[in-house]
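These notes are about the structure you will find just below.
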Amino acid sequence: MPLQVPLRVGCIGLGIGKVHLQCYSTREDVRIAAVCDINEALACEVASTYGAAAYTSAHKMLSSERLDAVSICTPPKTHAELVEACAEAKVHVLCEKPMASNLKDCRRMIEAAEGAGIILMVAHKKRFHPFYSFLKRMCDGEWGQILWASVRFALGRVEKGWFWDEDDGGGPVLENAVHVFDLLRWLMGEAKLVFGFGGNLFAKHRAPQIDSAAVCIQFSSGGIAALAIGYASEWAVAREQVAFATPFVVVDADGPFDNVSQFRASTRDDEPKPIDLSFITVGALDDFANEIEHFIRCVLTGVKPLVDGYEGMRSVKLALAAKHAIRTGQVVDMERFECD
Ligand SMILES: NC(=O)c1ccc[n+]([C@@H]2O[C@H](COP(=O)([O-])OP(=O)(O)OC[C@H]3O[C@@H](n4cnc5c(N)ncnc54)[C@H](O)[C@@H]3O)[C@@H](O)[C@H]2O)c1
């Protein structure tokens, strides 16, 4: 049956889910019909903001409401079961990153979505950030292939238990740095070899979870990247700092953690000249808003999302490979790396 605009959307999990709702609420092609959180007071409070129905069970919400699309914004351990429930109800899904804590769950999600013919998009927002999407366009064209990257993406303290659990968030290298693994895969292609040092350096009460890491990646293209990631900062000083080099340009960006906002670039010819990037402007929620715009467009047109289940799964696999390299002290060959 063709979908009718405004689409009826729901949101499961109302932490970062509130940001999804904020973005949906500005759109004329969407109506927020229902929200769900196991915290009843929170569900009721958010529902009243949007004149939506409140639920404490996703299953109840999916069976009671006629929804077209849902954002899943709960901890990773719950994603597979919730995607399966949405697939059964034939509701399209935008699922927060990391797609899951293991590849078995990622496969379950892909299978359920394919079986039901629903769209499954993973919310890797960096691909929708104005700077990174511009960089991708330019490097697919005249700026040439990125062959060198440096990323500082160290976060401050997070005390949510699920964030650290191995079978849920998987600690900062998976839960948080999956943003960077996905971004680099998108910009530089598939990883070939991964190596890293790291350990439980600061969050002793989370031992033996790896909290901080220095990871090196060699890509199939021959390109290389160095990442400084994990709980190695505090929020007052946490920054996102990235640098990229292609044969023809070098690009440098930094800004608040998780939202670069200042950019510099130069040509690399015999007389290097600065490249003006001042036209790139970044609003605080641009990445989320663009991601949701893409999701809604995919739902309405049936186009495959930029970050489908397979893409989400490959980024989880790269994060798991980095953790494996740290724990074993070995270089991981991505083609041979098996993990479930
Ligand atoms: N894209 C981003 O920048 C970004 C930012 C933050 C979090 N996230 C991701 O979003 C997800 C949630 O993170 P968060 O920071 O919002 O977590 P959170 O703990 O702050 O909020 C999660 C909410 O989900 C609810 N919940 C848990 N299980 C549920 C279930 N089965 N049914 C309904 N509600 C349930 C909890 O009560 C809680 O209110 C994680 O996968 C995280 O990695 C992404």
Side-chain angles (χ1 to χ4, degrees), residues 9 11-30 32 35 37 42 45-46 49-50 52 69 71-75 94-98 121-138 151-160 163 169 172 175-184 186-187 229 231 233-244 251-265 276-298 305-307 315:
V9 305
C11 183
I12 308 171
L14 300 173
I16 200 66
K18 285 197 257 186
V19 175
H20 285 232
L21 290 169
Q22 211 178 320
C23 296
Y24 284 127
S25 73
T26 63
R27 303 185 61 91
E28 292 195 346
D29 51 5
V30 160
I32 299 169
V35 299
D37 199 291
L42 179 60
E45 182 201 319
V46 175
T49 308
Y50 296 108
S71 277
I72 296 178
C73 301
T74 50
L94 174 60
C95 180
E96 263 302 344
K97 47 51 65 180
M121 172 169 158
V122 183
H124 277 297
K125 66 176 184 185
K126 289 205 179 296
R127 298 195 191 196
F128 301 93
H129 185 282
F131 167 68
Y132 291 123
S133 45
F134 172 77
L135 182 67
K136 168 73 175 163
R137 252 193 338 273
M138 294 307 286
V151 178
R152 171 189 165 194
F153 194 65
L155 77 168
R157 172 177 321 238
V158 178
E159 285 302 353
K160 298 170 188 178
F163 177 101
E175 206 284 341
N176 193 250
V178 75
H179 277 301
V180 176
F181 291 118
D182 182 73
L183 177 68
L184 293 180
W186 186 51
L187 291 172
I229 53 180
Y231 168 46
S233 191
E234 294 298 340
W235 292 119
V237 294
R239 309 274 299 162
E240 179 167 334
Q241 293 173 317
V242 295
F244 301 97
V251 187
D252 206 288
D254 66 23
F257 182 80
D258 217 9
N259 204 5
V260 289
S261 55
Q262 289 167 341
F263 320 106
R264 293 159 297 278
D276 178 24
L277 298 181
S278 61
F279 59 90
I280 306 176
T281 57
V282 183
L285 293 185
D286 280 1
D287 43 6
F288 281 101
N290 294 341
E291 167 187 281
I292 277 170
E293 155 72 22
H294 180 74
F295 174 58
I296 294 298
R297 195 156 46 79
C298 292
L306 178 60
V307 201
S315 295

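Just so we're clear, the structure is a prediction, and the values are computed from it rather than from any experiment.
- Looking only at side-chain heavy atoms (C-beta outward), Leu155 and Pro172 come within less than 4.5 Å of each other.
- Under the 4.5 Å side-chain criterion, counting only non-hydrogen atoms from C-beta, Ile32 is in contact with Ser25.
- Thr26 OG1 to Leu285 CG: the interatomic distance, rounded to the nearest 0.5 Å, is 9.5 Å.
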### Task
In sequence, state the C-alpha distance, the side-chain angles, and the governing distance for Asp182 and Lys126, and then conclude on salt bridge (Lys or Arg N to Asp or Glu O under 4.0 Å).
CA-CA 8 Å; Asp182 182 73; Lys126 289 205 179 296; over 6 Å; no
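- His20 approaches Ser71 most closely through the heavy-atom pair ND1-OG, 2.8 Å.
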### Task
Could you give me the CA-CA distance, side-chain angles and deciding distance for Phe257 and Phe153, then say whether side-chain contact (heavy atoms from CB on, under 4.5 Å) is met?
CA-CA 7 Å; Phe257 182 80; Phe153 194 65; 3.6 Å; yes
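- In this structure, His179 and Lys125 have side chains that are in contact, with non-hydrogen atoms separated by less than 4.5 Å.
- Between Arg297 and Glu293 the shortest side-chain heavy-atom distance falls below 4.5 Å.
- Between Asp287 and Phe131 there is no side-chain heavy-atom pair separated by less than 4.5 Å.
- Taking 4.5 Å as the limit, some side-chain heavy atom of Tyr24 sits within range of a side-chain heavy atom of Phe295.
- Atoms CD1 and CZ, on Ile16 and Phe288 in that order, are 4.0 Å from each other to the nearest 0.5 Å.
- Under the 4.5 Å side-chain criterion, counting only non-hydrogen atoms from C-beta, Leu14 is in contact with Leu21.
- Atoms CG and SG, on Leu94 and Cys73 in that order, are 7.0 Å from each other to the nearest 0.5 Å.
- The minimum heavy-atom distance linking Cys298 with Pro305 is given by the pair SG-CA, 3.6 Å.
- Asp286 places a side-chain N or O within donor-acceptor distance of the main-chain N or O of Gly283, the cut-off being under 3.5 Å.
- At a threshold of 4.0 Å, the pair Glu291-Arg127 does not count as salt-bridged, since none of the basic side-chain nitrogens sits closer than that to a carboxylate oxygen.
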### Task
Run the numbers on Phe163 and Tyr231 for side-chain contact (heavy atoms from CB on, under 4.5 Å), then give the verdict.
CA-CA 12 Å; Phe163 177 101; Tyr231 168 46; over 6 Å; no
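- The CD atom of Gln22 sits 12.0 Å away from atom SG of Cys11, with the distance rounded to the nearest 0.5 Å.
- The minimum heavy-atom distance between Ser315 and Val178, with the atom names listed, is O-CG2, 3.8 Å.
- The two residues Pro130 and Ser133 have their closest heavy-atom pair at O-OG, 3.5 Å.
- Side chain of Lys136 to backbone of Trp186: a donor-acceptor contact under 3.5 angstrom is found.
- Residue Glu45 comes nearest to Thr49 through the heavy atom pair O-OG1, 3.1 Å, listed as atom of the first residue, atom of the second, then distance.
- Between the CZ atom in Phe263 and the CD1 atom in Ile280 there is a gap of 5.5 Å [rounded to 0.5 Å].
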### Task
Go through the steps for Tyr132 and Val242 under the test side-chain contact (heavy atoms from CB on, under 4.5 Å), then give the verdict.
CA-CA 11 Å; Tyr132 291 123; Val242 295; 3.4 Å; yes
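- Counted within 6.0 Å of CD on Glu28, heavy atoms from surrounding residues, nucleotides or ligands total 12 or fewer; the atom is thus considered open.
- Nearest heavy atoms, Arg152 versus Ser233: NH2-OG, 4.4 Å.
- Between the side chain of Glu240 and the main chain of Gly255, no donor-acceptor pair closer than 3.5 Å is present.
- Side-chain contact between Met121 and His294 is present, with at least one heavy-atom pair separated by less than 4.5 Å.
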### Task
List the steps and the verdict of side-chain contact (heavy atoms from CB on, under 4.5 Å) for Asn176 and Ile229.
CA-CA 9 Å; Asn176 193 250; Ile229 53 180; over 6 Å; no
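- In this structure, NE2 in His129 is found 11.5 Å from CG in Leu135, a value given to the nearest 0.5 Å.
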